[in-house]
Number of protein chains: 2
Amino acid sequence: MTLTDLRYLVALARERHFGHAAERCNVSQPTLSVAIKKLEDELAVTLFERSAADVKITDIGARIVAQAEKVLLEAGQIKELATAGRDPLSGPLKLGVIYTIGPYLLPHLIPRVHAAAPSMPLLIQENYTARLAESLKRGDLDVIVVALPFEEPGIVTQAVYDEPFRVLMPAGHAWEDDATIPAARLAEAPLLLLGAGNCFRDQVLEVCPLCRGGEGLQRTLEGSSLETIRHMVATGAGITVLPSSAADPLPGGNSLLTVRPFEAPEPFRRIALAWRVTYPRSGAIDVIRAAILGSPLQGVRPVSR
Amino acid sequence: MTLTDLRYLVALARERHFGHAAERCNVSQPTLSVAIKKLEDELAVTLFERSAADVKITDIGARIVAQAEKVLLEAGQIKELATAGRDPLSGPLKLGVIYTIGPYLLPHLIPRVHAAAPSMPLLIQENYTARLAESLKRGDLDVIVVALPFEEPGIVTQAVYDEPFRVLMPAGHAWEDDATIPAARLAEAPLLLLGAGNCFRDQVLEVCPLCRGGEGLQRTLEGSSLETIRHMVATGAGITVLPSSAADPLPGGNSLLTVRPFEAPEPFRRIALAWRVTYPRSGAIDVIRAAILGSPLQGVRPVSR
DNA sequence: AGTTAGCAATAGTGATTAACTATACATCTT
DNA sequence: AAGATGTATAGTTAATCACTATTGCTAACT
């Protein structure tokens, strides 16, 4: 029993004539005749009474035809589902973002994605890189936004933008008069850091190897966020390093804080998109990338593909 | 897209492993692999993300698998319907009976058929032979009970029983003293007859050619029934001829009436079943025949096949 | 880093199935 | 009895399906 057989069946039930039914199915009369007979043999049931005068459907035949129509209808739905699902910009996209990007990127990203792909709602999760990577591999996420380096088997990455680091200090701080800050000087001040697990913490410590020992002036704020640290800096608890998108003053910014760039070579982080090699909706990824690049993130430099 | 493809699809969705899914479907891994790829090409949609680690279903894939399961379920119903419909004794049987048999046969027939084939309800229609024949050919009836001769293209008949004719007269009638009545004598009395269209009317007139002219003593009762005629005979309106099943006194019969057989050769009618040559439920017909022969019809003689 | 193991995809082949044309057969009609 | 109509069968070809053997890929292991 195949779907083709069922199509022949309902055609014959409608036409009550083998020749006409065959024509409607674009096959020859013997083809349809044999197919119906095969179906009857398989089901061990007489579906039609054939006579010279006409073709009559049996009671059981009528019931089976009705069921066959249901089958064909449901099968047609599969094609419709496929057609609807063919558009990579339709259907929800599960997006993961690291903590140190989310608050600054998402407010811009979400409306832009919605504008570009209105039928692709975003399901967003913020987390540490490691957790995002796991979810991505499991299939719980489709695309993630992380900082490089990021290497995982089965995962491909695409750099999107570079983002310089900045030094954040309370207004009136001693370094305020310097246009740029040498990285080494970070060891001289109480440096507020995110907790372990945040990749940005490690990247900051890489900028300032002297801070690494754990015996310096720096202070780790477990379970905290860049925003919390910024507020602590404003209250004079210390200084910190932020990515430019989080540090650079917006119009009408915070007058309690002073931001200074690093001395060249300016340290920076490279932000990338990552997804499973096998992920089929590359069009959706393109939209995400475009929306990120279209977002007004302070100080970032796009990375050409 | 075939039902087999869909079976492979849902198997793979369940197993998430080509090899295991193939095994469950009793096919080789390449077979299943190719079938899935063919489906994906046909639908122009990626249903699964394949990687060395595992097989992940896409969102659209999951929706299509759910739909495929629905299709397979409905398709399975076809087999169930066929299994249920395979029994010729299941499902209603549309039975037609001529007016001059119905009242005497059906009260016996219906319970017997119900006992022999409880899941075969009878849909009964009483009518003239000509109307029954038309309904039978149209398919509105499945089997009819008629008197022979009955010849129709595409229709087969099977004699069931012979039924002698009787003379019915009011009690105390002049012929009451005769054990048998010669057919010719019918022309001498006021003979009550059914209206045109009833085959029994014609059969009676054949028995008594002298009555035929239309100028004799006989009286036609259009739109009437044998029961009406019997009552009229009881009131002395005339005599009549009845088939034995309608004439012969039942225990506790009518003392106002006298029944006499004809003189040999006894006239009789042959009752038969008729159905379309193409009608597939011959088992149902056998049940009807057996139920008729099992019915206590007065004076009838079974016709061996 | 090279190797191995696991798994899906591909190639190539054989068997089955589905389609065709031509024709036979059955039935009713003229 | 012959013709017309309509379905079934025969015989053939093409397409499809399923198999085995093998390749190619990825990731895990030594």
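Predicted model, so just to flag it, every value in this text is computed and none were measured. Residue numbers begin at 1 in each chain, while the letters A, B, ... track the order of the sequences.
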Task: F268(B): partners by ring pair (Phe, Tyr, Trp, His ring centres under 6.0 Å), with sequence neighbours left out - done: none
Open item on the list: Could you tell me how far apart D41(B) (CG) and dA9(C) (C1') are, to the nearest whole angstrom?
Closed with: 13 Å
Open item on the list: Can you build the contact string for nucleotides 15-30 of chain C? Use B for base contact, S for sugar-phosphate-only contact, and - for no protein heavy atom under 4.0 Å.
Closed with: ---SSBBB----SS--
TODO: Please list, chain by chain and in numerical order, all residues satisfying salt bridge (Lys or Arg N to Asp or Glu O under 4.0 Å) with R24(A), sequence neighbours excluded.
DONE: E15(A)
Open item on the list: Going by salt bridge (Lys or Arg N to Asp or Glu O under 4.0 Å), name the residues that satisfy it together with D87(A), two or more places apart in sequence or in a different chain.
Closed with: none
Open item on the list: By the ring pair (Phe, Tyr, Trp, His ring centres under 6.0 Å) test, which pairs, at least two apart or in different chains, include something from residues 18-66 of chain B?
Closed with: H17(B)-H20(B)
TODO: Tell me, please, which residues at least two apart from F200(A) pass ring pair (Phe, Tyr, Trp, His ring centres under 6.0 Å).
DONE: F165(A)
TODO: Any pair with a residue in residues 31-43 of chain B that passes salt bridge (Lys or Arg N to Asp or Glu O under 4.0 Å), sequence neighbours left out, goes on the list, sorted by first then second residue, please.
DONE: K79(A)-E42(B), D5(B)-K38(B), E40(B)-R50(B)
- [ ] Under 4.0 Å from any heavy atom of chain A: name the first and the last nucleotide of DNA chain D that qualifies, 5' to 3'.
- [x] dG6(D) to dA27(D)
Open item on the list: Over the length of the helix from dA1(C)-dT30(D) to dT30(C)-dA1(D), how much do the five-pair end axes diverge, rounded to 10 degrees?
Closed with: 10°
Task: Protein-nucleotide distance (H20(B), atom NE2; dC7(C), atom P), rounded to Å - done: 6 Å
TODO: Keeping to residues at least two apart or across chains, list the side-chain hydrogen bond (donor to acceptor under 3.5 Å, both in side chains) pairs with something in residues 144-157 of chain A.
DONE: K137(A)-E152(A)
Task: Residues forming a ring pair (Phe, Tyr, Trp, His ring centres under 6.0 Å) with Y99(B), sequence neighbours excluded - done: Y128(B)
TODO: Could you note down all residue pairs passing salt bridge (Lys or Arg N to Asp or Glu O under 4.0 Å) where residues 61-78 of chain A supplies at least one of them, sequence neighbours left out?
DONE: R14(A)-E69(A)
- [ ] Run the salt-bridge test on R16(A) and D54(A) with the 4.0 Å N-O cut-off and return the result as yes or no.
- [x] no
